[in-house]
Amino acid sequence: MKVICLDCREIHSREELHRRIAEGFAFPEWYGNNLDALHDCLTSMQEEAEIRLSHCDVLESRLGAYWPRFLRALKHSKEENPRLRLVYLKDEEAEGDA
C-alpha cells in the first residue's frame, strides 16, 4: 500500500499541496496540479493507497475557499476508487508518528 502523510503545517499554498501529493504518489508528468487532475489520478490508481492528513485547521486557514473544494475532491475520489483511503489524524495522533 502506498501511504503519503501530509502535515498541513508544512504546506503553504495550493501549488505545494498538489506537488506533495503528486510526488508522493508518483503521478504522471501530465498531472495538471488542479482538482480535476487530482480526481483523475486518484480514481485511476490501481494499487491500495492512503492519504493521511494532520493539522488540517492550519491549511484550512491558509487556503480559504479552496480547502473545502480540495476535501470534496478527495471524498469524491474515494467514493469512486475503493482502493483509496483517507485518514484525518488528530493532532496528538500525528505527534505520536513524529
> Test your reading of the model: is there a side-chain donor-acceptor pair from Glu80 to the backbone of Lys78, 3.5 Å cut-off?
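No, the answer is negative, given that no donor and acceptor are paired below the 3.5 Å cut-off.
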> Would you indicate whether the side-chain heavy atoms of Leu59 and Leu6 approach each other to under 4.5 Å?
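The answer is no, as the side chains (C-beta and beyond) never meet within the 4.5 Å cut-off.
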> Atom NZ in Lys75, atom NE2 in His39: separation rounded to 0.5 Å?
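The NZ atom of Lys75 sits 13.0 Å away from the NE2 atom of His39.
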> Compare all side-chain heavy atoms of Pro28 with those of Cys41 and state whether any distance is below 4.5 angstrom.
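In contact.
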> Please round to the nearest 0.5 Å and tell me the distance separating atom SG of Cys8 and atom CG of Asp57.
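Rounded to the nearest 0.5 Å, the SG-CG separation comes to 8.5 Å.
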> If you apply the rule side-chain contact (heavy atoms from CB on, under 4.5 Å), what do you find for Ile11 with Val58, and how did you get there?
CA-CA 9 Å; Ile11 300 170; Val58 174; over 6 Å; no
> From Leu71 CG over to Tyr88 OH, what is the distance, rounded to the nearest 0.5 angstrom?
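Taking CG in Leu71 and OH in Tyr88, the distance rounds to 5.0 Å.
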> Got a second to check how far Ile21's CD1 is from Phe70's CZ, nearest 0.5 Å?
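Output value for this atom pair is 3.5 Å.
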> Of all residues at least two apart in sequence or in a different chain, which pass the side chain to side chain contact (heavy atoms under 4.5 Å, CB included) check with Lys2?
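Residues passing side chain to side chain contact (heavy atoms under 4.5 Å, CB included) with Lys2: Phe25, Glu47.
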> Determine whether Leu35 and His18 satisfy the following criterion, side-chain contact (heavy atoms from CB on, under 4.5 Å), listing intermediate values before the conclusion.
CA-CA 9 Å; Leu35 297 176; His18 283 282; 4.2 Å; yes
> Pairs in or reaching into residues 16-31: which pass salt bridge (Lys or Arg N to Asp or Glu O under 4.0 Å), with residues at least two apart or in two chains?
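Salt bridge (Lys or Arg N to Asp or Glu O under 4.0 Å) check on residues 16-31 returns Glu10-Arg20, Glu16-Arg19, Glu16-Arg20, Arg19-Glu23.
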> Quick check: are there more than 12 heavy atoms from other residues, nucleotides or ligands sitting under 6.0 Å from CZ of Arg85?
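Open: at most 12 neighbouring heavy atoms sit under 6.0 Å from CZ of Arg85.
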> Let me see the working for Leu63 and Arg14 under side-chain contact (heavy atoms from CB on, under 4.5 Å), right down to the final yes or no.
CA-CA 7 Å; Leu63 298 184; Arg14 294 180 193 186; 4.1 Å; yes
> For Ala37 and Tyr31, which heavy atoms make the closest approach, and how far apart are they?
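Looking at all heavy atoms of both residues, the closest pair is C-CE1, 3.5 Å.
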> The test is side-chain contact (heavy atoms from CB on, under 4.5 Å); show your working for Leu42 and Ile51 and say whether it passes.
CA-CA 10 Å; Leu42 291 176; Ile51 300 174; 4.3 Å; yes
> Would Phe27 end up clustered with Ile4 when hydrophobic side chains under 4.5 Å apart are linked, directly or stepwise?
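Yes, Phe27 and Ile4 fall within the same hydrophobic cluster.
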> Please report the interatomic distance CD(Glu50) to CG(Leu86), rounded to the nearest 0.5 Å.
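One gets 8.5 Å once the value is rounded to the nearest 0.5 Å.
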> Under the rule for side chain to side chain contact (heavy atoms under 4.5 Å, CB included), what residues qualify as partners of Asn81, not counting sequence neighbours?
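Partners of Asn81 under the side chain to side chain contact (heavy atoms under 4.5 Å, CB included) test: Met45, Arg83, Leu84.
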